[in-house]
Each structure stands twice: as C-alpha cells, then as structure tokens.
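Here is the structure we will look at, set down as structure tokens.
Numbered from 1 within each chain, the chains take letters A, B, ... in sequence-line order.
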Amino acid sequence: MAEEVKSLNFIEHIIEEDLRNGFEKNNLRFRFPPEPNGYLHIGHASSICLNFGLGLDYQAPVNLRFDDTNPEKEEREFVEAIKRDVEWLGFEWDKECYASDYFQQLYDWAVELIKQGKAYVDSQDAASIAEQKGTPTRPGTNSPFRDRSVDENLDLFERMKNGEFQAGAHVLRAKIDMGHQNMLMRDPIMYRIMHKEHHRTGSDWCIYPMYDWTHGESDYLEQVSHSFCTLEFAMHRELYDWFLDQVYDPNKVRPKQREFARRNLSHTVVSKRKLLRLVQEGVVEAWDDPRMPTISGLRRRGYTPESIRNFANTIGIAKRENLIDVSLLEFCAREHLNKITPRVMGVLDPLKVVITNYPEGQTEQLQAENNPEEEELTFREVPFSRELYIEREDFREEANRKFFRLKLGGEVRLKNAYIIKAENVVKDDNGKILEVHCTYDPLSKSGSGTPESTRKVKGTLHWVSAAHAVKAEVRLYDRLFSVAEPEEDKEKDFMEFINPDSLEITTAYVEPSLAEAKPGDRYQFQRLGYFCADKSSTADQLVFNKTVGLRDSWAKIENKK
RNA sequence: UGGCCUAUGGUGUAAUUGGUAACACAGCUGAUUUUGGUUCAGUCGUUCAAGGUUCGAGUCCUUGUAGGCCAACCA
C-alpha cells in the first residue's frame with residue numbers, strides 16, 4: 001500500500017518549512033483572537049477550525065485571546081457568548097487571555113520607546129492628523145509636535161495615563177516615517193485617551209492601546225509562534241514587525257503574522273454592522289435566529305458542530321477571493337444528520353385520508369425503524385388507524401407516470417404500514433379536496449413477510465394517524481437573501497435583497513413519539529428534511545426548526561417543466 | 001499618478017515543490033431502495049493572456065490583463 005500523501009494548505013506549508021528550518025516543534029503555539037464586540041459567525045468558525053485544527057495536528061497549545069482594547073464597543077456578554085460558541089464547536093483552548101492583561105506591560109514598553117525617541121505625544125486633533133497622513137500616492141507631513149523632547153513626551157504621556165486630559169487632547173504616536181510607502185508606517189497612533197469603563201480593568205486606565213501596538217506584542221508575550229489573520233491585515237505586517245523589533249529578545253519565539261482570505265458564504269452577509277441591522281430592524285428575531293449565519297444561529301437551526309467543522313475543512317484555506325455556495329454547507333449538514341438523526345413522520349400540510357375498509361375505532365401499533373444507518377437497528381411504535389393525514393402535495397386526482405405518489409385508482413405504500421389505493425375524493429363547494437377515501441390491503445403490512453407485504457409499489461408516503469397525531473409549530477426557513485452576493489451591488493443597500501419568504505410558520509401533525517422532544521433534539525422528518533426542536537419548544541407546544549431539506553430530485557423534475 | 005495581495009472546471013481546494021492536472025460540492029445518466037433520502041456506478045468540465053527559460057512549466061522569469069486591499073484616536 002502506497003502511503004497517502006497528505007496535501008497541505010499554504011499555512012501548513014509555512015509551518016512545515018519553519019520546522020524544516022529548525023524551528024522547535026515544541027515551540028509551536030497558536031491563538032484565536034476575537035474582539036468581544038459581537039457574536040461569532042460562520043466566518044469565525046473557519047478561523048477557529050484553522051487555528052484549533054493546527055493545534056490538534058501539531059499537538060500545540062492554542063490560546064483564546066480576547067482583543068479587548070476598545071472599551072467603547074466591547075462587553076462581557078460577548079466574551080461569554082464567544083466562549084460558549086468555541087466550546088460548542090468542540091475545541092479546548094490552552095489559556096484564556098485578554099489583551100487587557102497586558103496593559104501595564106504595553107505601557108512600560110511605550111515609555112521605553114519614548115525614551116529611545118521612537119514615540120512622541122501629538123497634541124493635534126484627529127482631523128489634522130488625518131490630513132497630515134497624506135494619501136497612498138502622496139507622502140504625509142510631520143506633525144509640529146514630532147520633535148518634542150523626551151522629557152516633555154514622558155511627562156505628557158504620564159499625565160495622559162493619569163487622566164489629566166480630555167479624550168482627544170493627545171495621542172501617543174510611534175515615530176517612524178511620514179513619507180513611508182505604507183501608510184500604516186506613517187507615525188501610527190499607539191494610544192488614545194478614553195475615559196471609559198473597561199469590562200475587565202474598570203477605570204484603571206484612561207488611555208487604551210491601538211490594535212497594531214497591542215496585537216503583535218500580545219502574540220509575543222504569549223509566545224505565539226504563528227499568528228494568522230485575514231488578508232486586510234497584510235499591510236499591517238510591516239508595522240507588526242516594526243513594533244516587535246522594538247521589544248524582541250532573540251532568545252524568545254518571534255511570532256510570525258501570515259494572512260489568509262476570509263471565507264465568503266453565498267446568500268448571506270457576515271459583517272457585524274450588517275448583522276446588527278438585521279437584528280435591530282427586526283428582519284430576524286435575534287442574533288441566534290436560525291436564519292442568521294452566526295454560530296448561535298446555526299446551532300439553533302440544528303447544525304451540528306461536526307458538520308461545521310467538516311465544512312471548514314472541506315472549503316480549505318487560501319489567499320484568493322472566494323464565494324462558497326451555501327449548498328456545500330447544506331451538504332455537510334445532511335451528511336452528518338443523515339447518520340445521527342432518528343427518522344420520524346410528520347405532516348406539514350395535512351390532507352385527510354379515510355381507509356374505508358379499516359374497522360372504525362381500531363388502532364394498531366406498527367413497528368417503525370428508527371434509522372436505517374444504524375449498525376444495530378432499533379424500532380419504535382407508531383399508531384395506525386382508519387383516519388390519517390398525508391401531505392397534501394402527495395395526492396393528485398390525475399397525474400402522469402412520473403408522479404409516484406397517490407392518485408385516484410393508484411396504489412401507494414404508507415411507510416411502515418399498508419399499501420392503500422385511492423378510490424375517490426370528497427370536495428367542498430369550491431372544489432377543494434377535503435378527504436381522500438382509500439382502501440387498504442390488510443395482508444400488505446410492512447414486515448409481516450406475506451407476499452402482499454413485499455409487493456413493489458412505486459411510491460412510499462409518510463403519514464400520521466389523525467387521532468393520535470400531535471400538533472407542532474414548524475418553522476420553515478429559506479435563505480435570508482435572494483441573491484448570492486447581497487453586498488455586491490454598491491448602488492443598492494443589501495437590505496433590498498432580503499428574501500421575503502425566508503420564514504414560513506406552519507402547524508404540522510407529528511407522530512406521538514415526538515411529544516418527548518427536548519430543545520435541541522434533532523430528527524429527520526422522513527421525506528421532508530432535518531428538523532431541530534427549538535429552544536422554546538415544550539411538551540405543550542412543540543416547536544421545530546427546519547435545518548435543511550432532504551435532497552429533492554422530484555423537485556428538480558417538477559422545476560424543469 | 002503609488003504600494004501590497006491574488007488569478008487552476010459552475011463553486012471551493014489540491015498537485016509529492018519543474019515530471020500523467022486531482023478531490024469535494026453542484027450538474028447530468030443509470031442501478032439499488034418500504035424516504036423521489038441514503039448507497040453504488042458512470043459522465044460532463046480546469047491551469048487569466050502573450051512571450052521566455054527548459055527535454056519537460058499550473059509551478060520559474062518578463063510584460064500585460066482582471067479582481068481585491070490600503071488614507072478610523074476600529075479590530
């Protein structure tokens with residue numbers, strides 16, 4: 001047997017090369033660095049799977065680090081939600097870290113930089129600083145405060161820290177080069193004054209470090225070996241390295257930033273600002289609305305962590321732009337759900353069937369297979385009686401040969417039960433079909449072993465016994481946006497592309513075994529799709545969310561017409 | 001008028017680092033099936049362009065072209 005060569009993505013290639021060049025495997029360390037200012041979404045899931053996946057592959061620790069340098073936007077609530085989501089995805093972090101834990105060290109280093117003449121206090125307003133920044137094609141100009149003495153800088157910076165100034169009065173800037181090609185190198189701001197309560201440090205600080213100053217140094221303090229971020233930070237790398245140069249001790253691990261393209265999912269939006277609008281404008285119910293691409297939304301929708309991890313692995317990681325079709329996510333959901341979910345029967349749009357030759361008042365319990373994928377099959381009982389519900393779309397008075405379902409004069413198998421034949425219909429004054437009267441073949445009972453029971457009939461329908469069925473609210477979800485790239489059209493607001501039919505609520509009749517469904521329980525409603533009991537579901541009022549439909553080749557045939 | 005990044009089937013990602021372009025999804029055929037599900041078999045289709053180096057280029061070089069990113073006291 002030839003040994004299979006595992007193909008590596010470009011990030012794994014980087015690590016492998018570092019290892020080949022003598023980097024100690026034991027020194028490998030990664031991190032996932034969310035800002036606690038919103039909920040994690042499917043894009044983050046990809047990043048989580050990347051970093052924690054590397055940790056697993058290389059048996060290296062992975063830190064969960066909250067990038068909490070901006071108390072204006074960050075809240076403890078998000079910290080908790082993020083931890084819950086990462087855990088739910090199935091990952092364990094080594095250390096729980098906060099950038100705010102490093103505020104003192106960062107401050108001390110900043111003082112050092114001032115002493116070395118590499119940082120200065122600028123006392124201009126934001127507009128002036130922006131103006132002097134220049135443009136990508138025009139160099140910037142020096143601030144009039146650029147050449148303040150070290151002593152004056154030290155004094156001002158300390159007083160900034162002590163809260164002697166109002167927000168905006170001064171900033172601390174690195175002294176690099178206002179003419180640099182890379183605009184981020186044009187004396188970037190390291191600290192700003194903010195009289196804001198921080199979720200962890202309270203009112204200890206009224207100056208807060210900026211991302212660029214914080215992130216690389218945090219990586220360094222944690223001795224993270226590889227710091228992966230999205231492509232828009234590529235230009236930041238130069239600054240990341242510059243800041244590192246100021247504090248780096250060659251005996252320690254020097255973190256390496258590398259960038260990958262963020263993953264885009266079709267038919268959705270993922271920016272925090274836009275997701276927030278969906279919530280605030282009531283398009284969806286909440287951050288965990290099952291239509292949201294948030295991890296909490298996917299969870300409530302019925303996705304499994306395994307399916308999301310598998311999705312992340314399947315789409316891989318690279319540096320080019322991409323738009324991944326949601327159908328791949330749906331495939332991953334089905335693939336896992338098919339293996340693990342018990343099969344049940346539920347009717348979403350009921351049509352009454354009366355079996356005219358079945359004794360009135362009689363009930364029998366039939367054996368139903370729980371999941372054909374199980375290695376050792378298990379069964380449950382479902383009640384059968386004279387009056388049933390089937391799916392309205394499963395019956396037609398007349399239909400061609402391609403329609404395998406019930407039609408007048410035609411036969412069909414009721415799953416786990418009998419073969420029935422449609423004899424006639426009862427309609428109301430408007431011609432709407434109220435009932436279908438059928439006859440059944442008593443010898444055709446599923447699993448009875450009789451010749452009649454093994455007869456081949458083309459169609460098999462799901463059903464419930466009218467008298468025994470339990471009512472349940474079923475929420476049917478469709479994609480939130482009707483176009484693949486709602487953000488693509490710069491003329492139009494993404495809200496214009498909202499699919500008005502993304503949610504349909506129906507009252508379904510489900511088999512009695514479902515009365516025990518607990519929030520989070522997942523099922524396959526046979527012939528329909530996968531469903532998950534909502535967090536609001538109770539024994540008195542069952543609520544199911546549709547995760548995803550089964551593949552539907554009949555719909556394809558129909559749509560061709 | 002600048003800089004950085006990217007370009008492989010419809011989509012996403014590989015290609016043992018210069019040696020037969022492959023895997024998954026989607027599509028299409030068919031088989032099996034008490035779910036028009038699952039499973040199985042088959043099929044369609046790919047290296048941005050033009051040059052160059054080489055016995056040999058998706059990979060290296062040059063020049064184009066196209067797309068993305070860069071001027072928050074955000075991350």
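Residues A:Ser227 and A:Arg31 bring a donor and an acceptor atom of their side chains to less than 3.5 Å of each other. A donor-acceptor contact closer than 3.5 angstrom links the side chains of A:Asp125 and A:Ser128.
When each of A:Arg343, A:Lys415, A:Glu391, A:Gln526 is paired with A:His462, the side-chain hydrogen bond (donor to acceptor under 3.5 Å, both in side chains) condition holds for A:Glu391 and for no other.
The side chain of A:His13 contributes an N or O atom lying less than 4.0 Å from OP1 or OP2 of B:A15. Close to B:A75, at under 4.0 Å from its OP1 or OP2, lies a side-chain N or O of A:Arg192. The phosphate of B:U13 (OP1 or OP2) has no side-chain N or O of A:Thr314 nearer than 4.0 angstrom.
Near RNA chain B, meaning a heavy atom under 4.0 Å from it, residues 40-51 of chain A has no residue at all. Near RNA chain B, meaning a heavy atom under 4.0 Å from it, residues 454-465 of chain A has A:Lys456, A:Thr460 in order of number.
A:Asn322 contributes a side-chain N or O that, together with a main-chain N or O of A:Arg320, makes up a donor-acceptor pair within less than 3.5 Å.
Residue contacts for A:Phe66: at a heavy-atom cut-off of 4.0 Å it reaches no nucleic acid atom on any strand shown. Using a 4.0 Å heavy-atom distance criterion, A:Phe404 is classed as a base contact. If you check every strand for non-hydrogen atoms under 4.0 Å, A:Lys319 touches sugar and phosphate atoms only. Among the protein residues, A:Leu328 comes within range of the sugar-phosphate backbone only, with heavy atoms under 4.0 Å from sugar or phosphate atoms but none that close to a base.
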Checklist line | Dot-bracket pairing map - RNA chain B, Watson-Crick plus G-U, both contacts under 3.5 Å, | cross-strand | finding: .((((((..((((.....[..)))).(((((.......)))))....(((((..]....))))))))))).....
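For B:G67, the base has no donor-acceptor partner in the side chain of A:Arg320 [N/O atoms by modelled type, under 3.5 angstrom]. On a pure distance criterion of 3.5 Å, a polar donor-acceptor pair joins the side chain of A:His236 and the base of B:A75. Between the side chain of A:Gln524 and the base of B:U35 there is at least one donor-acceptor pair of N/O atoms closer than 3.5 Å. Counting atom types as modelled, A:Arg413 pairs no side-chain N or O with a base atom of B:U35 as donor and acceptor under 3.5 Å.
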Contacts under 3.5 Å, N or O only, protein and nucleotides 69-72 of chain B:
none

Next item on the list: Take A:Phe544 and A:Phe525, measure what ring-ring contact (aromatic ring centres under 6.0 Å, His included) needs, and give me the verdict at the end.
Entry: CA-CA 11 Å; A:Phe544 292 99; A:Phe525 286 14; 5.4 Å; yes
Note to self: Between A:Arg405 and A:Glu393, is the salt bridge (charged side-chain N to carboxylate O under 4.0 Å, His left out) condition met? List the steps.
What the structure shows: CA-CA 9 Å; A:Arg405 286 110 106 134; A:Glu393 63 166 25; 3.3 Å; yes
Margin query: Using the rule given for salt bridge (charged side-chain N to carboxylate O under 4.0 Å, His left out), can you reason through A:Arg396 versus A:Glu558, listing the C-alpha separation, both sets of side-chain angles and the distance that settles it, and then say yes or no?
Written below: CA-CA 14 Å; A:Arg396 286 183 190 172; A:Glu558 283 275 276; 3.1 Å; yes
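Distance check on atom C1': B:G12 versus B:U53 gives 33 Å, rounded to whole Å.
Applying the ring-ring contact (aromatic ring centres under 6.0 Å, His included) test to every pair with at least one member in residues 308-343 of chain A, sequence neighbours left out, gives no pairs at all.
Listed by chain and residue number, A:Glu364 satisfy the side chain to side chain donor-acceptor pair (under 3.5 Å) test with A:Tyr418 (two or more places apart in sequence, or in another chain).
Side-chain atoms of A:Arg551 lie closest to B:A26 of the nucleotides B:U34, B:U13, B:A26.
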